[in-house]
Protein chains: 2
Amino acid sequence: MENKANNKHIRPTESELEILTVLWERGASTVREVHEILEKQKEVGYTTTLKLMQIMHEKGLLQRDASARTHIYEAAVPREETQAQLLNKMIDTVFSGSASQLVMQALGGHRSSREEIDRIREYLNEIDKKQS
Amino acid sequence: MENKANNKHIRPTESELEILTVLWERGASTVREVHEILEKQKEVGYTTTLKLMQIMHEKGLLQRDASARTHIYEAAVPREETQAQLLNKMIDTVFSGSASQLVMQALGGHRSSREEIDRIREYLNEIDKKQS
DNA sequence: ATTTGATTACGAAGACATTCGTATAAAGGA
DNA sequence: TCCTTTATACGAATGTCTTCGTAATCAAAT
């Protein structure tokens, strides 16, 4: 037994997600590096960030190299999979299982740019091709 | 002062969302009616449902008619607005602000039906018309 | 060697969320 | 009237998230 979270349910909390996002974008990083980025977004103490990352490591959300004095952390869960996980939950609980409902709401509320809309159209076309 | 949650942030929790969904679909209901539906979805005690609904009332998520012995509860927050709220938060925290990213992820994972895709296409067209 | 600064480890407090037992009150039937 | 059922109210226990103070450890500088 090693990893507590090798099961399907990746459910990071709000704060954990912030840290994951930093690591997804930066790649392997120290606590200090992560903390310095978080500090720009909100007020938070260093040991808070540290503790969170330690807990995330216990949960299996992060992996770390502790061979050197300064540990190096890395996301242990893939970004897309995590996004999909959270999204599906939202589709179920908030949109009663209707993905299109969610999509329309997303497009409606979030003033989307012309570019974004075009990109989505292309994406729909691709799905069509694959399905036919 | 009356309503604690007349501000912008509608942030129901998981359980609260379940209750809101029931009320959005059924309309005004008693605790027992809500509870009976929740019971089908998960194991939960009656007083738990009651307590939750009372708390939600305090928070301003529900309004109630307490004139009769059996109180009648109703959602005090509109469904679409709540959905938008949660969705926008997710776009920000999980998808770094990109709605199209979220949309594609939603369409990709949740293998959507042809009908759904067509509906979304139409919707995109409507957005275009309004913007031009 | 001593001091200073950075890092991890530990523990605990505070805030919510969730759960439910128990008390109390009202309503309806026997 | 008295008993049973059904409601609400209240409080408390539990769990989780978040926060941070303090101690211990190590490295580097003086």
Side-chain angles (χ1 to χ4, degrees), chain A residues 4-5 7 9-23 28-39 41-74 77 82 86 89 93-94, chain B residues 4-5 7 9-23 28-39 41-74 77 82 86 89 93-94:
Chain A
K4 281 191 182 176
N7 53 39
H9 291 124
I10 307 171
R11 293 276 223 93
T13 66
E14 186 77 18
S15 305
E16 290 173 342
L17 217 38
E18 290 172 354
I19 289 172
L20 279 174
T21 300
V22 172
L23 289 173
S29 309
T30 66
V31 174
R32 176 137 320 262
E33 289 166 339
V34 172
H35 176 64
E36 244 140 44
I37 291 178
L38 290 189
E39 250 185 336
Q41 300 166 17
K42 62 169 182 179
E43 185 170 316
V44 60
Y46 173 80
T47 54
T48 302
T49 304
L50 170 65
K51 181 70 167 184
L52 266 174
M53 290 176 72
Q54 287 171 338
I55 290 173
M56 288 170 77
H57 174 247
E58 281 171 25
K59 288 185 183 175
L61 291 173
L62 303 185
Q63 62 184 142
R64 73 176 174 188
D65 173 357
S67 62
R69 169 151 162 64
T70 302
H71 300 351
I72 310 281
Y73 287 82
E74 194 168 358
V77 294
T82 306
L86 294 169
K89 184 168 86 68
T93 66
V94 183
Chain B
K4 280 191 181 175
N7 53 40
H9 291 125
I10 306 172
R11 292 276 225 94
T13 66
E14 187 78 18
S15 305
E16 290 173 342
L17 217 38
E18 290 172 354
I19 289 171
L20 278 174
T21 300
V22 171
L23 289 173
S29 308
T30 64
V31 173
R32 172 125 338 247
E33 289 165 340
V34 171
H35 177 63
E36 243 139 45
I37 291 177
L38 290 189
E39 250 184 336
Q41 300 166 17
K42 63 169 183 180
E43 186 171 316
V44 60
Y46 174 80
T47 54
T48 302
T49 305
L50 170 66
K51 181 72 166 183
L52 265 174
M53 290 176 72
Q54 286 171 338
I55 291 173
M56 289 170 76
H57 175 246
E58 279 171 27
K59 288 184 183 175
L61 291 173
L62 303 185
Q63 61 184 143
R64 72 176 175 188
D65 173 356
S67 63
R69 167 152 161 62
T70 302
H71 302 175
I72 310 282
Y73 287 81
E74 195 168 358
V77 294
T82 305
L86 294 169
K89 185 168 86 70
T93 67
V94 182

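Protein chains get the first letters and strands the later ones, always in sequence-line order, with residue 1 at the start of each. These numbers come from the heavy atoms of this one structure, side chains and all, not from hydrogens, waters or symmetry mates.
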Practice task
Sugar-phosphate means primed atoms, P, OP1 and OP2; the rest is base. With that split, encode nucleotides 3-14 of chain D 5' to 3' as B, S or - using protein heavy atoms under 4.0 Å.
Solution key: ---BBBBBB---
Completion exercise
Atom CE of M53(B) and atom C1' of dT18(C) are separated, to the nearest Å, by 16 Å
Problem - Separation of dT7(C) P from D65(A) CG (nearest whole Å) - result: 16 Å
Practice task
Please say which of T21(B), L20(B), L17(B) ends up in a side-chain contact (heavy atoms from CB on, under 4.5 Å) with V94(A).
Solution key: L17(B)
Exercise for the section: Specify the separation, in whole Å, of atom CD of E58(B) and atom P of dT18(C). Expected result: 15 Å
Exercise for the section: State, yes or no, whether a side-chain contact exists between I37(A) and Q41(A) at a heavy-atom distance under 4.5 Å. Expected result: yes
Fill in the blank from the handout: Paired with Y73(B), the side-chain contact (heavy atoms from CB on, under 4.5 Å) test is passed by just one of Q63(B), M56(B), R64(B), namely R64(B)
Problem - Pairwise side-chain contact, L61(A) with I19(A), heavy-atom cut-off 4.5 Å (strictly under) - result: no
Exercise for the section: Using atom CD of E14(A) as one end and atom C1' of dA17(C) as the other, report the distance to the nearest whole Å. Expected result: 15 Å
Exercise for the section: Report the distance from atom NE2 of H35(A) to atom C1' of dT8(C), rounded to the nearest whole Å. Expected result: 15 Å
Practice task
Would you please confirm or rule out a distance under 4.0 Å between OP1 or OP2 of dC20(C) and any side-chain N or O of T48(B)?
Solution key: yes
What donor-acceptor contacts under 3.5 angstrom involve side-chain atoms of residues 44-55 of chain A, with partners at least two apart or in another chain?
residue	atom	partner	partner atom	Å
T49(A)	OG1	H35(A)	ND1	2.9

Problem - d(CG, L52(B); P, dC20(C)) in whole Å - result: 10 Å
Handout entry: Note, H9(B) side chain near K89(B) side chain (heavy atom, < 4.5 Å)
Key = no
Exercise for the section: Would you check if E16(A) and K59(A) make a side-chain contact, meaning some heavy-atom pair closer than 4.5 Å? Expected result: yes
Practice task
Report the secondary structure of DNA chain C in dot-bracket form, marking unpaired bases with a dot and bases paired to a different strand with |, and treating Watson-Crick or G-U pairs with both distances under 3.5 Å as paired.
Solution key: ||||||||||||||||||||||||||||||
Exercise for the section: Measure across G60(A) and V77(A) and return the closest heavy-atom pair with its distance rounded to 0.1 Å. Expected result: O-CG1, 4.3 Å
Handout entry: Shortest non-hydrogen separation from S15(A) to K42(A) and the atoms involved
Key = OG-NZ, 4.1 Å
Practice task
Starting at atom CD1 of I55(A), determine the distance to atom P of dG11(C), rounded to an integer number of angstrom.
Solution key: 13 Å
Handout entry: Atom pair distance, as rounded to whole Å: NZ in K42(A) and C1' in dC20(D)
Key = 13 Å
Practice task
Please state whether the phosphate of dC17(D), meaning OP1 or OP2, lies under 4.0 angstrom from any side-chain nitrogen or oxygen of K59(A).
Solution key: yes
Handout entry: Side-chain N,O (S15(A)) to OP1/OP2 (dT18(D)) below 4.0 Å
Key = yes
